[in-house]
Asker: 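Provided herewith is a single structure, encoded as structure tokens, for subsequent inquiry.
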There are 2 protein chains.
Amino acid sequence: MKVSELVKEMKTTPDTVRYYTRVGLLSPVKSETNGYKHYGVDDQHRLRFILSARKLGFSVNDIDQILTEAAKGKTACPLVRVILEKRLEETEEVFQQTLALRIRMKSAIGEWQTKPNKAPTGHMICHLIEGFNASSGKE
Amino acid sequence: MKVSELVKEMKTTPDTVRYYTRVGLLSPVKSETNGYKHYGVDDQHRLRFILSARKLGFSVNDIDQILTEAAKGKTACPLVRVILEKRLEETEEVFQQTLALRIRMKSAIGEWQTKPNKAPTGHMICHLIEGFNASSGKE
DNA sequence: GCTTGACCTGTGTCCAAGACACAGGTGTAG
DNA sequence: CTACACCTGTGTCTTGGACACAGGTCAAGC
């Protein structure tokens, strides 16, 4: 299979496949005549797995470890459980950060509606940003 | 001021300051004797502004534009309002994505608690990941 | 057979926002 | 004077692809 054929039914892009190939998760053979990379059924299978794992929040590096473990014939399951737990923690952190940022942004936009535009002064670049108090709107 | 002195009261790191310097937001002068970068009061002021803007979700590039506008003596306020509106949209998107991911992860962890570890087979690398149905737990 | 044009390919580079490694400089306590 | 802790600039690395580019492929038309 050529990269575009491999990509066809899976919901992903050629660039993504090429990236996975570059980091060694997929191992196509190079055509003698073309120079084109030829993917086999195992690659298709691995790709499907990679995409599933990515959707669950595993990093590409995580997936590499998991595949390596599985290639030895061992269960990757314990590793998978541990990693996902860790990734969940990180996602929780990102979630909280994003939540807080979103609140700050909305709060700023609201607060700015009653404020005029001003030219910068010697010690004030933008009074909107510098005058915004992140904790406003709290009480 | 040396970089560590500049950093001291602001809540940031030398690496961050060096980065802002590298991209041209700060303009220290190079000491003849040391080679050390010497930051002035204006740099301190700009840094404070940059950090405030970063905390509100502006990208470093955004801030560059805003500073450029302000350097002409014009109001950067309209620009600031427009940019923040756009960044809020993006943050909203990230927020939704992260929220959904978090749910998927938690759902997977829950679902996996009753499942055993299994060795990989010819067409199953990890039955936990491959067997996880993202829409499970919905009905 | 030949050519045109649409699409496809691999390779190389680029992105954000710093973090990290490293070799060397500085400053001070003894 | 030396030992040692800390500080500095420069250069490279990170994630997960996206994008640019020059060239190759393939079917339609003449």
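Order of the sequence lines sets the chain letters (A, B, ...), proteins ahead of strands, with each chain counted from 1.
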Asker: Could you tell me whether Val23(A) contacts a base, only the sugar-phosphate backbone, or nothing, with contacts defined as non-hydrogen atoms closer than 4.0 Å?
Answerer: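 Counting heavy atoms under 4.0 Å across all strands, no contact is made by Val23(A).
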
Asker: Begin with the C-alpha distance, continue with both residues' side-chain angles, and end with the deciding distance and a verdict on side-chain hydrogen bond (donor to acceptor under 3.5 Å, both in side chains) for Thr21(A) and Tyr39(A).
Answerer: CA-CA 10 Å; Thr21(A) 304; Tyr39(A) 295 86; 2.7 Å; yes

Asker: Taking only residues at least two apart or on different chains, which pairs with a member in residues 73-90 of chain B satisfy side-chain hydrogen bond (donor to acceptor under 3.5 Å, both in side chains)?
Answerer: Asn117(A)-Arg81(B), Asp62(B)-Arg87(B), Arg87(B)-Glu90(B)

Asker: Sequence neighbours left out, what passes side chain to side chain contact (heavy atoms under 4.5 Å, CB included) with Arg18(A)? Give chain and number order.
Answerer: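 Arg18(A) satisfies side chain to side chain contact (heavy atoms under 4.5 Å, CB included) with Val3(A), Pro14(A), Asp15(A) only.
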
Asker: Atom CG in Leu67(B), atom NZ in Lys72(B): separation rounded to 0.5 Å?
Answerer: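 The CG atom of Leu67(B) sits 12.0 Å away from the NZ atom of Lys72(B).
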
Asker: Considering heavy-atom distances to DNA chain C, does Lys2(B) or Asp15(B) have its closest nucleotide positioned more toward the 5' end?
Answerer: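 Looking at DNA chain C, the more 5' nearest nucleotide goes with Asp15(B).
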
Asker: So how far off straight is the helix from dG1(C)-dC30(D) to dG30(C)-dC1(D), going by the axes through five pairs at either end, to 10°?
Answerer: 30°

Asker: With a 4.0 angstrom cut-off to heavy atoms of chain B, pull out the first and last contacting nucleotide of DNA chain C, in 5'-to-3' order.
Answerer: dA17(C) to dT26(C)

Asker: To the nearest 0.5 angstrom, please state how far the CG atom of Leu56(B) sits from the CG atom of Leu51(B).
Answerer: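 Interatomic distance, Leu56(B) CG to Leu51(B) CG, rounded to 0.5 Å: 12.0 Å.
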
Asker: Nearest 0.5 Å, please: how far is CG in Leu6(A) from CD in Gln44(A)?
Answerer: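 Reported to 0.5 Å precision, the distance equals 6.0 Å.
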
Asker: How long is the straight-line distance from CD1 of Ile109(B) back to CG of Leu128(B), given to the nearest 0.5 Å?
Answerer: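 The CD1 atom of Ile109(B) is 11.0 Å from CG of Leu128(B), to the nearest 0.5 Å.
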
Asker: Between Glu69(B) and Gln65(B), is a side-chain hydrogen bond (donor to acceptor under 3.5 Å, both in side chains) present by the stated rule, with each step listed?
Answerer: CA-CA 6 Å; Glu69(B) 194 70 7; Gln65(B) 288 182 54; over 6 Å; no

Asker: Return yes when atom NZ of Lys11(A) has more than 12 non-hydrogen atoms of other residues, nucleotides or ligands closer than 6.0 Å, and no otherwise.
Answerer: no

Asker: How long is the line joining NE2 of His38(B) and C1' of dC7(D), in whole Å?
Answerer: 16 Å

Asker: Quick one: on DNA chain D, does Tyr36(A) or Thr13(A) contact a more 5' nucleotide (nearest heavy atom)?
Answerer: Thr13(A)

Asker: Considering only nitrogen or oxygen atoms on both sides, find all protein atoms under 3.5 Å from nucleotides 12-16 of chain D and state each distance.
Answerer:
unit_1	atom_1	unit_2	atom_2	d
dG16(D)	OP2	Val60(A)	N	3.4

Asker: I need the CD1-P distance between Ile50(A) and dG17(D), as an integer number of Å.
Answerer: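 To the nearest whole Å, that distance equals 10 Å.
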
Asker: Take Tyr20(A) and Ile63(A) through the test side chain to side chain contact (heavy atoms under 4.5 Å, CB included) and record every step on the way to the result.
Answerer: CA-CA 10 Å; Tyr20(A) 294 157; Ile63(A) 294 169; over 6 Å; no

Asker: Please list, chain by chain and in numerical order, all residues satisfying side chain to side chain contact (heavy atoms under 4.5 Å, CB included) with His45(B), sequence neighbours excluded.
Answerer: His123(A), Glu130(A)

